[in-house]
Amino acid sequence: MIFKLKGFSSNASNQISLFLWVWFGQLISNVGTQLTLFALGVVVYQHSQSVTQFAGMTLAIYLPPILLTPLAGYLTDRYPRRWIMILSDTGSMAGILILSGLLQWENTASWQVYGLLGFSSACNSFHVPAYLAATTLMVPKTFLSRANGLVLVSHSLAQLSAPFAAGWLILSLGLPGLVLLDCLSFLFMLIILITVRFPEITNTKPSSSHFSYYLLVNETIKGWQYIRQRPGLLALLLLMGMVYATLGVTEVLFTPLILSFATAKELGFLLSMAGGGWLVGSLIVSLWRNPPSFVLPIIGGIALQGWLLWGVGVDGIVKSFPIFIIGIFSYSLVCPIILGFSQTIWQKQVEVSVQGQVFATRLAIEWSFRLFALGLAGWLADSVFEPFFQGDHWLLDQVAWLLGRGAGRGIAYLLSVMGFLNLLAAIASYRYSPLLKLDRQISH
């Protein structure tokens, strides 16, 4: 497999070819990982028959990266990023192997499942800042946006193909067979990482001082101060916090909303449409060379998502299946555009020598928004919004003609509230000049 590129200098072509090799290895590994995670979820639920334990898997996967990204950023700015990716992926694979072995026994304890999933996720948290920072060095600045689009393509392909493939393969191969496929995909990616050589910044050296908790906290504070001193980047961080919070809410509420008026088969179809929209959006980012603006598509995409979610609150709209198909496809399509262009801005605005720490601080904050929304959305839906729309009182009588009443309407209205907040965030961002000036500070 040889990558050849036209329209670039020989040196730039070599840089992009290096990135494409790494990207292809990550794509194969991502598919293998998603196969295993899907199978683990099925096996854990079959063993425990507990929704709570199944939900605990989500927490075990999301929480470690938030806690460990400051350390990951500290290491990324001081040690070779290629080796950080190699070691983190090796540790993550080891955790999955041990867990899959334990699940072959009927008496696997829930703390063992959470602990090993958490260990695998913790190892993977070192991979993300290193990969993002290494991408800045591997490709020319004019190719950064398209490179970020390709990264999103690999994730969307894995998310789209793995559940379908795993649903069939788990019947024929079982969990051990899927884990074996994951191991083979990991070895393929590992061979590529060992074979290639990343460009490294010349001043990346281990600190002469002894590592300590105080030093890590100080480095984390520096990452936050770097962002806080730049109003445009701080505004972008807060805006993306809203995006991640909305993703967390929709992740929790989408399935129960659809099942309140549709069948499981229709839910599967809508999830496929969402995956297709994400893939199309990722391809748009990867093919859109040198867009005239990076900030305006982000703001426009958030406004569109807000408008689509706002419409969910209208009873007649959400129960019109063709309209819902168009809405979910459109919502998913703009997600990669928002995320990809945001990542490009960070890569172009932040000095290479501190990208590890700054990216780690930024990712920890963004993921915290998502985790907080994940935890809050279920409680709000069950304890506040659903009881209101299933009650019998004067206030509901006044709005039921538009918002409806009964099961699922509280969830729909909560999503509508999130849509309204997204619209407000987009309007405020469009009127905030330091954020808009980020485009003028970027050399396309």
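Since this is a predicted model, take the numbers as computed values, not measurements.
Side chains of S92 and N124: no donor on one and acceptor on the other come within 3.5 Å. Looking only at atom types and distance, the side chain of Q355 has a donor-acceptor partner in the side chain of T136 under 3.5 Å away.
With S185 contributing its side chain and D182 its backbone, the two residues share a donor-acceptor pair below 3.5 Å. The main-chain N or O of W310 is found under 3.5 Å from a side-chain atom of S416 such that the two form a donor-acceptor pair. Side chain of R82 to backbone of L193: a donor-acceptor contact under 3.5 angstrom is found. The closest donor-acceptor contact from the side chain of S121 to the backbone of L117 lies at 3.5 Å or more, if one exists at all. No donor-acceptor pair closer than 3.5 Å links the side chain of S29 to the backbone N or O of G25.
R230 forms a cation-pi arrangement with Y226, by the criterion of a distance under 6.0 Å to the ring centre and an angle within 45° of the ring axis. Cation-pi contact between R362 and F359: present, with separation from the ring centre below 6.0 Å and deviation from the ring axis of at most 45°.
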**Q.** Verdict with supporting geometry, F24 and F188, ring pair (Phe, Tyr, Trp, His ring centres under 6.0 Å)
**A.** CA-CA 10 Å; F24 184 67; F188 177 81; 5.7 Å; yes
Q: Walk me through it: do W367 and V128 pass the test side-chain contact (heavy atoms from CB on, under 4.5 Å)?
A: CA-CA 12 Å; W367 292 344; V128 177; 4.2 Å; yes
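Put simply, the residue from V139, I16, V153, I192 that forms a side chain to side chain contact (heavy atoms under 4.5 Å, CB included) with W23 is V153.
Counted within 6.0 Å of CZ on F329, heavy atoms from surrounding residues, nucleotides or ligands total more than 12; the atom is thus considered enclosed. In F372, the CZ atom is not crowded: 12 or fewer heavy atoms of neighbouring residues, nucleotides or ligands sit closer than 6.0 Å.
Aromatic ring centres of W288 and F341: separated by under 6.0 Å.
In this structure, the side chains of Q225 and T361 stay at 4.5 Å or more apart for every pair of heavy atoms.
Closest non-hydrogen pair, T76 versus A133, comes out as CG2-CB, 4.0 Å.
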